[in-house]
A.B. asks: 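The structure follows.
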Amino acid sequence: MDFANLNVVLNSGVILPEAIIVVALLVALVADLVSSKTSKWLPAIAISGLLGAVVVLIWQWSSLPNPLSFVDSFNGDKLSIIFRGTIALSSVLTILISERYFLQSGIAISEYITILLSATLGGMFLAGADDLVMVFVSIETLSISSYLLSGYAKRDPRSNEAALKYLLIGASSSAVFLYGMSLLYGLSGGYTNLHEIAARLPLGGLGLIIAMVFVVAGISFKLSAVPFHQWTPDVYEGSPTPVVAFLSIGSKVAGFALAIRFMVTVFPMIYDQWHYVFVVLAILSMVLGNVVAIAQTSMKRMLAYSSIGQAGFVILGMAIGTEAGYASMVFYMLVYLFMNMGAFGCVILFALKTGTDQISEYSGLYQKDPLLTLCLSVCLLSLGGIPPLAGFFGKIYIFWAGWQAQAYGLVILALAMSVVSIYYYIRVVKMMVVKEPQEMSEAVKNYPVNPTWTADGMKSLQVAIVVTLIFTSVAGIASNPIFTLANQSVRDTPFLSSSIQAYAISEQIKAQEQGVKN
């Protein structure tokens with residue numbers, strides 16, 4: 001077979017965005033090997049590759065006749081496109097907030113860039129993986145890169161501890177997930193494609209239930225869902241802050257993409273069982289994440305438990321299982337990218353100026369740095385769901401989808417936990433804004449009155465903060481295009497739309513049977 005025929009069979013144009021990132025990775029790697037003087041250009045090279053990938057994804061949105069690639073092992077459908085774009089954008093913002101952090105910490109940024117791009121590739125391939133082998137290779141690429149990033153500050157004992165904990169717990173979750181996939185491989189008669197497995201699985205039985213439990217456990221680790229969240233607080237506190245920012249977005253987005261594709265495709269015959277599992281995961285994550293966050297004194301640990309609670313809100317869409325439920329997940333992850341990344345960017349800037357991330361040290365910050373105070377306040381209030389910011393519309397869409405699906409108890413609990421989250425977010429805002437001059441913390445008293453933005457890497461950090469501030473503010477007021485994008489990504493994805501229609505028909509049949517009995 002010649003190259004032209006091979007290209008037609010593989011349909012490799014589907015993964016053109018990933019190919020661009022691979023080229024950027026190789027260029028950055030070779031440039032660093034050739035001369036150490038090129039290190040200052042590596043962030044620009046990586047960002048150019050990532051933005052190029054996003055541009056291609058935008059073009060593929062309406063110009064991709066056949067989304068299946070590599071013998072149906074990768075699916076470039078619209079749901080995949082929107083998740084891959086979100087992961088790529090999260091990496092762009094991560095690099096922008098990373099440059100000054102690593103320069104001031106005295107840590108080389110070249111290897112960091114290549115590892116981060118590798119993690120991005122793993123997440124993007126995972127978002128479209130339609131085959132067990134592709135799923136596992138992608139998830140391990142993302143996981144191993146994440147372990148390396150967590151321990152990147154090798155002279156910091158906390159970073160080493162975080163990486164070790166992440167590695168040990170992550171390896172265990174990978175083993176559990178692999179065992180679940182091996183059961184699916186055996187039960188289907190030796191198939192690895194997700195659709196072929198679904199067509200050949202038995203309609204029920206203990207083996208299928210066990211496989212489902214192990215798969216959900218492996219996915220829940222990526223989502224930081226309770227009770228698979230044990231790694232999150234320690235890893236968030238010990239890892240370099242830019243790494244934490246990426247893990248809170250990129251890893252979660254890839255995990256939700258995998259959850260939707262895997263569960264809907266492989267387990268339609270036991271929908272009720274995995275539906276209740278995700279209901280439990282959502283309840284536990286919302287309650288534990290938001291309640292425990294109240295007691296935290298470190299911003300990074302508070303944001304760690306906040307991310308657990310936020311994952312619980314997004315899992316609600318998975319538990320609902322309707323078109324609006326899945327679309328609300330997509331919408332929320334898009335706006336969560338900017339408001340959460342903005343919060344971490346502000347935490348990094350404050351730590352660079354003061355050397356601390358303790359919440360009490362933010363006291364009176366408004367009088368020394370109004371821009372930082374404004375951005376952090378807007379991002380935290382958006383995470384809490386205060387109107388008219390983007391986070392409010394994200395949560396209201398999830399709650400509306402749940403109410404429409406008659407999940408009244410879940411929606412009421414989510415509303416209550418959202419109120420709880422507002423308390424600990426507003427506590428930080430109040431500390432920055434309301435405190436009198438004599439109540440300033442020592443860190444703020446010594447805070448530079450006129451921060452120098454001319455230092456290397458400071459401009460990129462400022463750009464990231466301003467971009468996230470603008471998007472978080474404007475996306476709430478002008479959210480209709482994002483709503484349309486999220487709904488279209490669900491409606492135009494064949495495996496998801498057919499599953500939703502089948503579920504709606506089954507619910508109608510159940511309702512009719514119940515009416516006959518009554």
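Model, not experiment: these values are computed from the prediction. Values below: all heavy atoms of this structure, side chains included; hydrogens, waters and symmetry mates excluded.
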A.B. asks: Backbone N or O of N193 within a donor-acceptor pair of the D72 side chain at under 3.5 Å?
C.D. replies: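 Not confirmed, D72 side chain does not pair with N193 backbone.
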
A.B. asks: Kindly determine whether Y166 and S146 satisfy side chain to side chain contact (heavy atoms under 4.5 Å, CB included), including the steps that lead there.
C.D. replies: CA-CA 9 Å; Y166 197 10; S146 300; 3.7 Å; yes

A.B. asks: So, are K300 and D234 salt-bridged, with charged N and O less than 4.0 Å apart?
C.D. replies: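 Judged by the 4.0 Å cut-off on N to carboxylate O distance, K300 and D234 do not form a salt bridge.
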
A.B. asks: Using 30° and 60° as the class boundaries, would you call the ring planes of Y397 and F483 parallel, tilted or perpendicular?
C.D. replies: perpendicular

A.B. asks: Can you pull the salt bridge (Lys or Arg N to Asp or Glu O under 4.0 Å) pairs that have at least one residue in residues 240-254, sequence neighbours excluded?
C.D. replies: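 Pairs touching residues 240-254 that pass the test: none.
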
A.B. asks: Between L117 and L121, does a side chain to side chain contact (heavy atoms under 4.5 Å, CB included) hold up when you go through it step by step?
C.D. replies: CA-CA 6 Å; L117 289 178; L121 283 170; 5.7 Å; no

A.B. asks: Are there over 12 heavy-atom neighbours, none belonging to Y366, within less than 6.0 Å of that residue's OH?
C.D. replies: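 At most 12 heavy atoms, drawn from other residues, nucleotides or ligands, come within 6.0 Å of this atom.
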
A.B. asks: State which residue, out of L349, I470, L93, L96, fulfils the side-chain contact (heavy atoms from CB on, under 4.5 Å) condition with I465.
C.D. replies: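 Single side-chain contact (heavy atoms from CB on, under 4.5 Å) partner of I465 among L349, I470, L93, L96: L349.
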
A.B. asks: Could you tell me whether the side chain of T472 and the main chain of L469 form a donor-acceptor pair under 3.5 Å?
C.D. replies: no

A.B. asks: Go through it in stages, so that I can follow the logic: the residues are F399 and W403, the test is ring pair (Phe, Tyr, Trp, His ring centres under 6.0 Å), and I'd like the CA-CA distance, side-chain angles, deciding distance and then a yes or no.
C.D. replies: CA-CA 6 Å; F399 298 159; W403 197 265; over 10 Å; no

A.B. asks: With side-chain hydrogen bond (donor to acceptor under 3.5 Å, both in side chains) as the criterion, how do T232 and S224 come out once you've worked through the C-alpha distance, each side chain's angles and the decisive distance to 0.1 Å?
C.D. replies: CA-CA 7 Å; T232 309; S224 302; 3.3 Å; yes

A.B. asks: Are the side chains of Y236 and W231 in contact, using a 4.5 Å heavy-atom criterion?
C.D. replies: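 Yes - at least one pair of side-chain heavy atoms lies under 4.5 Å apart.
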
A.B. asks: Can you check whether L383's main-chain N or O pairs, donor with acceptor, with Q310's side chain at less than 3.5 Å?
C.D. replies: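 The answer is yes, because a donor-acceptor pair under 3.5 Å joins these two groups.
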
A.B. asks: Between N290 and M286 (side chain of the first, backbone of the second, donor and acceptor by atom type, cut-off under 3.5 Å), is there such a pair?
C.D. replies: yes

A.B. asks: Tell me if a side-chain donor or acceptor on S145 pairs with a main-chain N or O of L142 at a distance below 3.5 Å.
C.D. replies: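 No, the answer is negative, given that no donor and acceptor are paired below the 3.5 Å cut-off.
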
A.B. asks: Return yes if some donor-acceptor pair links the side-chain N/O of T265 with the main-chain N/O of F262 below 3.5 Å, else return no.
C.D. replies: no

A.B. asks: Centres of the F83 and F256 rings: under 6.0 Å?
C.D. replies: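 Ring-ring flag for F83/F256: false, centres at least 6.0 Å apart.
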
A.B. asks: Could you verify whether a donor N or O on one side chain and an acceptor N or O on the other, from S80 and R84, lie under 3.5 Å apart?
C.D. replies: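 Note: S80 and R84 side chains meet the donor-acceptor criterion.
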
A.B. asks: Using atom types as modelled and distance alone, determine if a side-chain donor or acceptor of S382 lies under 3.5 Å from a backbone N or O of V378.
C.D. replies: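 No; zero donor-acceptor contacts below 3.5 Å.
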
A.B. asks: Could you walk me through whether Q230 and K165 pass side chain to side chain contact (heavy atoms under 4.5 Å, CB included), step by step?
C.D. replies: CA-CA 9 Å; Q230 298 94 336; K165 288 180 178 179; over 6 Å; no

A.B. asks: Within the side chain of T493, is there an N or O that forms a donor-acceptor pair under 3.5 Å with the backbone of L496?
C.D. replies: no

A.B. asks: When you look at S174 and I139, which way does the side chain to side chain contact (heavy atoms under 4.5 Å, CB included) test go after all the steps?
C.D. replies: CA-CA 8 Å; S174 295; I139 204 170; 5.5 Å; no

A.B. asks: Relative to the ring of Y179, is the ring of F214 parallel (under 30°), tilted (30 to 60°) or perpendicular (over 60°)?
C.D. replies: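 F214 vs Y179 ring planes: perpendicular.
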
A.B. asks: With side chains defined as the heavy atoms from C-beta onward, is the minimum distance between Y424 and S306 less than 4.5 Å?
C.D. replies: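 Contact flag for Y424/S306 side chains = yes.
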
A.B. asks: Under 3.5 Å, side chain of S285 to main-chain N/O of V226, donor-acceptor pair present?
C.D. replies: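 Side chain of S285 to backbone of V226, a donor-acceptor pair under 3.5 Å: yes, one is there.
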
A.B. asks: Using modelled atom types only, decide if a donor and an acceptor are shared between the side chain of E196 and the backbone of T192 within a distance under 3.5 Å.
C.D. replies: no

A.B. asks: Compute both the distance and the angle, then confirm whether K395 meets the cation-pi test with Y332: under 6.0 Å from the six-membered ring centre, within 45 degrees of the axis.
C.D. replies: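 No, K395 does not sit over the ring of Y332.
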
